[in-house]
Visitor: 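Just dropping this structure here.
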Number of protein chains: 2
Amino acid sequence: MAVTDEAITKIKDMIISGKLSAGDRLPPEKELSEKLGLSRSSLREAVKALEIIRVLDVRRGDGTYVTSLEPQLLSEAMTFIVDLHQDKSILDIFAVRRILEPAAAAIAATRITPEQITALRATMENINDETSVESLVDHDLVFHELITAAADNSYLASVLNALSSSTVRARIWRGLTQEKAVDRTLAEHTAIIEALERGDADLAKSLLTVHISGVEHWLRQAL
Amino acid sequence: MAVTDEAITKIKDMIISGKLSAGDRLPPEKELSEKLGLSRSSLREAVKALEIIRVLDVRRGDGTYVTSLEPQLLSEAMTFIVDLHQDKSILDIFAVRRILEPAAAAIAATRITPEQITALRATMENINDETSVESLVDHDLVFHELITAAADNSYLASVLNALSSSTVRARIWRGLTQEKAVDRTLAEHTAIIEALERGDADLAKSLLTVHISGVEHWLRQAL
DNA sequence: GCATCATAAACATCCGACCATTAGACTTGC
DNA sequence: GCAAGTCTAATGGTCGGATGTTTATGATGC
């Protein structure tokens, strides 16, 4: 194994074993490189790799720290990866979403707060036929993130958010607007909000399944 | 943004835009660094970061290539990340598994092949009270991977495999053996195989839910 | 045709220098 | 005493080049 990979493994192990905890500061690059027995250049490659997957947080002029390792950071790292995979088999990704998101909605229905309902309704305002694709994507992102957030499981939210990154959504919404399917999508969103508000987990789950399947169906014929 | 991060973004964009496709070879480090306007050292940090998330494949003495970007590679990258998160909220991770794996089993029940059934049974052989924890973990890994593989959705399998990495499993099995719960776990595995063999999707789904919930329950009281 | 070897290309590693930024100590002025 | 500004040491960011190691490839000889 290359020295850089060894360094990555060593740092990873230090975190898993608890020698390094969330928020801890690593020794300066020069010192750590000597300790691990490699050059600063090679160590920096290792640190950069761990930085991109949100394990380390490098602050210039200050030092390098272990991130909070919160689930949300998993989402960022996963999104980066999924963005690169999306063209390969977007339908497979959608199939996973179709499993997770209805389940998330069912959980959300049992514990969503009035404030979250209000926030959901807010995503529906000021949307009409002239709304730009970018704006539609933004609202759609917030809508679905609010639902997954209401399910109160950060990992569930992370995986879902990564699987439906804004890059993926953008391409889909572009298609939806061309197909004049925006109205239908918004109507489904409205129905979902109402089900959540009534605490009807079963209906919310089914509505989400229908909602996602609809987009999936459009995708299937568009490809 | 630092030059290294710019390089990461540029390479990523080249892949997303299609200028670089799976299997393509990148220009030599020296040439690419000049093209992107940064030093070779900095470029190498970018390449290393993309290598660890399985986007680039660096072959010493040969060159650097874009990986196949197959879903399985997503799993490797995700596993690396999840390993670092596991202590934070393993119960949340289990909750996601409890959603995904029963759904995967239901799909698997409709399309599993006799060969896959045979392979599943094979994971049950030679297991008894003296079997080491490491061996139990291995068999358990194969058992669940076979089910997710039978569902025939690489992304579903990738996410599931990452969420139940061997590191996570190892700790759980250590607990299970202490609790003398190995027999029960194996009995549940047997029941799942039979349901899959009969093509009973509904039962397979429920059995998986029960199976995972059982472990979840043990975990909840152990923590 | 096949095995062996020589060569060049490409990545791996290291070193040392210098730049840019930051946190924190310090000074200043009130 | 306190607030604002300043200075400095620590730390990461970037670079260029030198050298080692591995691999692919073509030449060579049989």
Side-chain angles (χ1 to χ4, degrees), chain A residues 1-15 19-69 73 76-77 80, chain B residues 1-15 19-69 73 76-77 80:
Chain A
M1 194 192 282
V3 292
T4 300
D5 295 310
E6 274 178 30
I8 291 175
T9 304
K10 283 179 185 170
I11 296 173
K12 182 186 176 185
D13 288 346
M14 281 194 281
I15 296 174
K19 281 176 195 162
L20 280 176
S21 300
D24 281 2
R25 175 177 171 169
L26 273 67
E29 291 181 347
K30 187 171 186 301
E31 189 181 327
L32 184 57
S33 63
E34 286 166 1
K35 188 177 169 188
L36 297 181
L38 75 170
S39 71
R40 194 183 153 214
S41 319
S42 299
L43 173 67
R44 278 185 57 79
E45 290 181 19
V47 170
K48 195 75 202 179
L50 291 171
E51 187 190 9
I52 208 184
I53 59 172
R54 302 289 189 277
V55 168
L56 295 182
D57 178 20
V58 182
R59 304 177 203 161
R60 187 173 183 174
D62 183 1
T64 302
Y65 298 79
V66 178
T67 66
S68 60
L69 292 177
L73 299 174
E76 289 179 28
F80 189 99
Chain B
M1 195 193 285
V3 293
T4 301
D5 295 308
E6 275 179 29
I8 292 174
T9 304
K10 282 179 184 171
I11 295 173
K12 183 186 177 186
D13 288 346
M14 282 195 278
I15 296 174
K19 281 177 194 161
L20 280 176
S21 300
D24 282 0
R25 177 178 169 168
L26 271 68
E29 290 180 347
K30 187 170 187 302
E31 190 182 326
L32 185 57
S33 64
E34 287 167 0
K35 188 177 168 187
L36 297 182
L38 76 170
S39 72
R40 200 185 143 216
S41 320
S42 300
L43 174 66
R44 278 185 58 78
E45 291 180 19
V47 170
K48 196 74 199 178
L50 292 171
E51 187 190 9
I52 207 186
I53 59 172
R54 300 291 188 277
V55 168
L56 295 182
D57 178 21
V58 181
R59 304 178 202 160
R60 185 172 182 173
D62 184 1
T64 302
Y65 298 79
V66 178
T67 66
S68 60
L69 292 176
L73 300 174
E76 290 181 27
F80 189 99

Visitor: Measuring from the side chain of A:Arg25 (C-beta onward, heavy atoms only), which nucleotide among D:dT23, D:dT11, D:dG12 has the closest atom?
Guide: D:dT11
Visitor: On a plain distance test, is the side chain of A:Arg40 in donor-acceptor contact with the base of D:dG13 below 3.5 Å?
Guide: yes
Visitor: Is there a side-chain contact between B:Thr64 and the phosphate of C:dC11, meaning an N or O under 4.0 Å from OP1 or OP2?
Guide: yes
Visitor: Within the 4.0 Å heavy-atom criterion, would you say A:Arg59 contacts the bases, only the backbone, or no part of the nucleic acid?
Guide: sugar-phosphate
Visitor: Send over the distance from A:Glu34 CD to C:dC14 P, rounded to a whole Å.
Guide: 12 Å
Visitor: Using a strict threshold of under 4.0 Å (side-chain N to carboxylate O), is an ion pair present between A:Lys48 and A:Glu51?
Guide: yes
Visitor: Side chain of A:Pro28 only, heavy atoms from C-beta on: which candidate in C:dT13, D:dG12, D:dT14 is closest?
Guide: D:dG12
Visitor: Do B:Leu73 and B:Ser68 have side-chain heavy atoms sitting under 4.5 Å apart?
Guide: yes
Visitor: Roughly how many Å is it from CD in B:Glu45 to P in C:dC11, rounded to a whole number?
Guide: 16 Å
Visitor: For DNA chain C, whose closest nucleotide is more 5', that of B:Gly61 or that of A:Leu43?
Guide: B:Gly61
Visitor: To the side chain of B:Leu38, which of C:dA12, D:dT14, D:dC15 is closest?
Guide: D:dC15
Visitor: Please report, rounded to the nearest Å, how far the P atom of C:dA12 is from the CD1 atom of A:Ile8.
Guide: 12 Å
Visitor: Rounded at 0.5 Å granularity, tell me how far CD in B:Glu6 sits from OG in B:Ser42.
Guide: 11.0 Å
Visitor: Rounded to the nearest 0.5 Å, how far does CG of B:Leu50 lie from CG of B:Asp57?
Guide: 12.5 Å
Visitor: Of all the nucleotides listed (C:dA12, D:dT14, C:dA20), which has the minimum atom distance to the side chain of B:Glu29?
Guide: C:dA12
Visitor: Could you give the CG-to-P distance, from A:Asp57 to D:dG13, as a whole number of Å?
Guide: 10 Å
Visitor: A:Ser39 has a side chain; which of D:dG16, C:dC15, C:dC11 sits nearest to it?
Guide: C:dC15
Visitor: What is the distance, to the nearest angstrom, from the CD atom on B:Glu6 to the C1' atom on D:dT14?
Guide: 13 Å
Visitor: So which one's nearest nucleotide on DNA chain C is more toward 5', A:Ser42 or B:Pro27?
Guide: B:Pro27
Visitor: Once you round it to whole Å, what is the distance between P of D:dT11 and CG of A:Leu26?
Guide: 12 Å
Visitor: Taking OP1 and OP2 of D:dG13, is either one under 4.0 Å from a side-chain nitrogen or oxygen of B:Thr4?
Guide: no
Visitor: Can you measure A:Arg44 atom CZ to C:dA20 atom C1' for me and round it to whole angstrom units?
Guide: 12 Å
Visitor: Should the side chain of A:Ser41 and the base of C:dC15 be counted as holding a donor-acceptor pair, with the cut-off at 3.5 Å?
Guide: yes
Visitor: Less than 4.0 angstrom from a charged side-chain N to a carboxylate O is my criterion; do B:Lys35 and B:Glu31 meet it?
Guide: no
Visitor: Can you tell me how far P of C:dC14 sits from CG of A:Leu32, to the nearest Å?
Guide: 13 Å
